[in-house]
A.B. asks: 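Quick one: the structure is below, and I'll ask about it shortly.
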Amino acid sequence: MKVLVTGGAGYIGSVTATALEQGGHTPIVLDSLISGPAAYVRDRIFYEGDVADRALLTRIVAEHPDLECTIHMAARVVVGESVAMRYAYYHDNLVKSLELFDQLQQLERPRVVFSSSASVYAEVPSLEVHEDSPTAPGSPYARTKRMMEMVLQDLAAATPLRALILRYFNPIGADPELRHGIHVREPSHVLGQLVLAAQGRRDAFEITGTDYPTRDGTGLRDYIHVWDLALAHVCAVERFDEVLAAVGEPSVIINVGTGAGVTVRELVGVVESVLGQPVPVREAPRRPGDVAGAYANVDRARKLLGWTARSSVRDGVESAFRWAERRRHVLGYE
Ligand SMILES: NC(=O)c1ccc[n+]([C@@H]2O[C@H](COP(=O)([O-])OP(=O)(O)OC[C@H]3O[C@@H](n4cnc5c(N)ncnc54)[C@H](O)[C@@H]3O)[C@@H](O)[C@H]2O)c1
């Protein structure tokens, strides 16, 4: 099966393209390289350009008339930046996605798998969220994701467009052969910061918030190995029509997580055990806007996609450290 992967030069897109190849499919990558590195598309069918470029999409479909599905991952993805650059985030994530979906529909390529995010959820006391849990996206970035989910649901209700909306939890690690992984120089998320502290490039890892309503007071996330996340996309494209037939709807939202939460303190423990040495840690108050976190209820993914995450958080952490070494060769920086 040929699958268009927008954002296929990015972290998750490049790993997903590898998983598609291993599943016997052919990824066609469309990426503007606004953040993804050119090194990630060297061995792939690749179109450099914008998802809103209708003429380019027409050309891609003309050159690949057997294109069966689109995985739309291209987006601006940095939460903090979205606060400072609201216009760019709403424009790129909303307006451009809308152009893409309309053009796909006009080109009679109606199957869309959309990358959404667990950041759309409101905090719930149990910390476990299922797809019908309340939403309260806390940043312009998360709002673009929630808005696009609603746009897709509306389009699918009235047009031939069909959508599987995947809400990713917290991807970590790289593909098993260490071909692609995180490309951002200094990742701002928890594991990225832990890697920097463990490498001695930070004096200490800062635990921000120790009074959350979790097991040990620190924030909790559902860390999913990016390879498991990539495999969920393979299931999604392979079962696309089956999934929607099973729910009897033109679109559906599916959580993609492990189904288990890990606190920041627990993650520090995993990192220390992988490295066999302590990581310097400093405790600090909560930062404004931070939340206790959430973990996924994954019943729907299991039932509809026939997929569950197989790797442990330790596997993901090991992979992240191996990638931190390896990426010097792939990307030319630490
Ligand atoms: N990484 C996470 O923690 C996470 C969590 C939940 C959801 N997601 C979603 O997963 C998707 C992929 O995220 P990622 O972490 O791989 O980010 P990334 O920045 O590595 O990848 C995004 C890719 O999209 C490309 N791109 C951006 N705008 C484009 C445009 N207008 N036209 C063409 N290409 C464009 C970028 O060049 C980049 O290669 C995003 O939609 C993101 O919102 C990511």
Side-chain angles (χ1 to χ4, degrees), residues 4-18 27-41 44 46-54 56-57 60 70-82 85 88-101 103 112-121 137 139-149 152 165-175 180-185 187-192 221-226 229-230 232-233 253-257 293-294 296 316 320 327 331:
L4 180 64
V5 184
T6 78
Y11 169 41
I12 303 169
S14 56
V15 177
T16 298
T18 301
I28 313 286
V29 172
L30 167 59
D31 199 297
S32 63
L33 303 184
I34 190 178
S35 68
Y40 281 13
V41 287
R44 302 244 146 96
F46 171 55
Y47 292 84
E48 182 172 349
D50 201 286
V51 294
D53 183 340
R54 287 177 181 255
L56 178 58
L57 276 162
I60 294 172
T70 297
I71 301 178
H72 179 40
M73 295 200 181
R76 290 184 181 262
V77 303
V78 184
V79 172
E81 193 182 69
S82 77
M85 298 170 56
Y89 271 71
Y90 285 113
H91 185 256
D92 285 16
N93 291 5
L94 288 184
V95 177
K96 290 184 175 182
S97 296
L98 195 57
E99 292 299 301
L100 169 73
F101 297 149
Q103 189 63 5
V112 173
V113 177
F114 178 64
S115 304
S116 190
S117 164
S119 63
V120 302
Y121 284 114
S139 68
Y141 162 74
R143 281 190 280 278
T144 69
K145 290 290 161 185
R146 181 65 191 126
M147 287 177 191
M148 251 9 259
E149 289 184 347
L152 266 176
I165 296 165
L166 304 185
R167 286 184 179 156
Y168 308 164
F169 281 68
N170 300 84
I172 57 172
D175 71 286
H180 310 105
I182 293 231
H183 53 81
V184 177
R185 278 175 194 265
S188 56
H189 58 69
V190 174
L191 185 58
R221 301 285 182 274
D222 184 338
Y223 297 100
I224 174 166
H225 197 303
V226 72
L229 178 57
H233 291 82
I253 296 174
I254 305 176
N255 281 344
V256 186
R327 75 178 200 161
L331 295 168

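We count ligands from 1, going down the list as the structure has it; atoms in each ligand are counted the same way.
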A.B. asks: Touching ligand 1 at all, Tyr141? Heavy atoms, strictly under 4.0 Å?
C.D. replies: yes
A.B. asks: Pro171 versus ligand 1: do any nitrogen or oxygen atoms come within less than 3.5 Å of each other?
C.D. replies: no
A.B. asks: Consider every N or O of Ser116 and every N or O of ligand 1, then say whether any pair is closer than 3.5 Å.
C.D. replies: no
A.B. asks: Just to be sure I read this right, does ligand 1 sit under 4.0 Å from the backbone of Ala52, its side chain, both, or neither, counting only heavy atoms?
C.D. replies: neither
A.B. asks: Touching ligand 1 at all, Asp31? Heavy atoms, strictly under 4.0 Å?
C.D. replies: yes
A.B. asks: Judging by distance only, is a nitrogen or oxygen of Ile34 under 3.5 angstrom from one on ligand 1?
C.D. replies: yes
A.B. asks: Is Ser14 in contact with ligand 1, taking contact as a heavy-atom separation below 4.0 Å?
C.D. replies: no
A.B. asks: Does Ser119 reach ligand 1, in the sense of a heavy atom lying below 4.0 Å from it?
C.D. replies: no
A.B. asks: For ligand 1, is His183 a contact, meaning one of its heavy atoms is under 4.0 Å away?
C.D. replies: yes
A.B. asks: Which bit of Asn170 gets closer than 4.0 Å to ligand 1, counting heavy atoms only: side chain, backbone, both or neither?
C.D. replies: neither
A.B. asks: Does NZ or CZ of Arg221 fall inside the cone over Phe169's six-membered ring, less than 6.0 Å from its centre and within 45° of the axis?
C.D. replies: no
A.B. asks: Side chain or backbone, does Lys145 bring an N or O within less than 3.5 Å of an N or O on ligand 1?
C.D. replies: yes
A.B. asks: Atom 44 (C) of ligand 1: which protein heavy atom is closest, and how many Å away?
C.D. replies: Ile12 CD1, 3.5 Å
A.B. asks: Under 3.5 Å between some N or O of ligand 1 and some N or O of Met73?
C.D. replies: yes
A.B. asks: Going by heavy atoms, is His72 under 4.0 Å from ligand 1?
C.D. replies: no
A.B. asks: Is there at least one pair of N or O atoms, one from Arg76 and one from ligand 1, spaced under 3.5 Å apart?
C.D. replies: no
A.B. asks: Give yes if a backbone or side-chain nitrogen or oxygen of Val51 is under 3.5 Å from a nitrogen or oxygen of ligand 1, and no if not.
C.D. replies: yes
A.B. asks: Counting only heavy atoms, which portion of Val77 has something under 4.0 Å from ligand 1: side chain, backbone, both, or neither?
C.D. replies: side chain
